[in-house]
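Below you'll find the structure, written out as structure tokens, and then a few comments.
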Amino acid sequence: FVTVRYVPLDYNVCCILVGFSAMFFYMIGLLAKYYNFNVGKLWSILFVLVGLICVYYSMGGVSMAGMEYNLILVNVIAATSVTYLIYWVCRRMEETKFGMLLAWLGRLSIAAFCIHSLMFRILPLDRFVIMFAPQADDLVIHGVVTLLHVVISFYFCMIVERMRIMRVIFGLEK
């Protein structure tokens, strides 16, 4: 609360203050895990519904990066309940094929992030698309660029998984 309310954003060296404000949400997750926060279905549904109402009232004027919160208590309830909903959905998806694909992508997320970051800095994919379709709409260009990023990241992850040195670099060796 102090970092959000009383310390000016001008003193946010290396986003330390934003990190401090995010630690509150991290602490809620740790406490829920420590106390094995399991509630019944009715309480879960009620908590998520209240949270979604809070999300609606939190819309607009909320920015963690800018440390702008319109109603801190409402924002906390919204963030906590939506995080709970996401964890609940993920637990239900664990055994499905889609869930296994997401788990695979999660294990390789650092590799995907690295190649994705390099592509943004090095490869001008938007110019590549414009070269082949100069009259294309911005929406089409951005859609094709996004698709190329996903496809290239996917294949890079497959290469990382097959090469031992890459598995060691990205911490995938057990």
Transitively linked via ILVMFWY side-chain contacts under 4.5 Å: [X] with [Y]?
| X | Y | answer |
| --- | --- | --- |
| Val151 | Val160 | yes |
| Leu139 | Leu147 | no |
| Leu108 | Met100 | no |
| Tyr155 | Val150 | no |
| Leu125 | Phe154 | yes |

For Phe98, ring pair (Phe, Tyr, Trp, His ring centres under 6.0 Å) partners two or more places apart: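 Listed in chain order: nothing, the list is empty.
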Let me confirm one number: the [atom1]-[atom2] distance from [X] to [Y], rounded to the nearest 0.5 Å.
| X | Y | atom1 | atom2 | answer |
| --- | --- | --- | --- | --- |
| Arg167 | Met163 | CZ | CE | 10.0 Å |
| Ile45 | Leu49 | CD1 | CG | 7.5 Å |
| Met158 | Ser153 | CE | OG | 13.0 Å |
| Ile159 | Ile115 | CD1 | CD1 | 8.5 Å |
| Ile53 | Ile77 | CD1 | CD1 | 10.5 Å |
| Phe128 | Leu148 | CZ | CG | 7.0 Å |

Checking Glu161 against Phe156 for the side-chain contact (heavy atoms from CB on, under 4.5 Å) test, could you report, in this order, the C-alpha distance in whole Å, the side-chain angles of both residues, the deciding distance, and whether it holds? CA-CA 9 Å; Glu161 205 172 39; Phe156 181 74; over 6 Å; no
side-chain contact (heavy atoms from CB on, under 4.5 Å) between Val50 and Phe47, worked out: CA-CA 5 Å; Val50 168; Phe47 181 60; 5.7 Å; no
Do Asp138 and Ile141 have side chains that approach each other closer than 4.5 Å (heavy atoms only, starting at C-beta)?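 The answer is yes; the side chains approach within 4.5 Å.
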Would you confirm whether Ser81, through its side chain, and Ala78, through its main-chain N or O, come within 3.5 Å as a donor-acceptor pair?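 Such a contact is found between Ser81 side chain and Ala78 backbone.
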Once side chain to side chain contact (heavy atoms under 4.5 Å, CB included) is applied, do any residues pair with Val140, and if so which ones, sequence neighbours excluded?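 Side chain to side chain contact (heavy atoms under 4.5 Å, CB included) list for Val140, sorted by chain: Ala136, Asp137, Val144.
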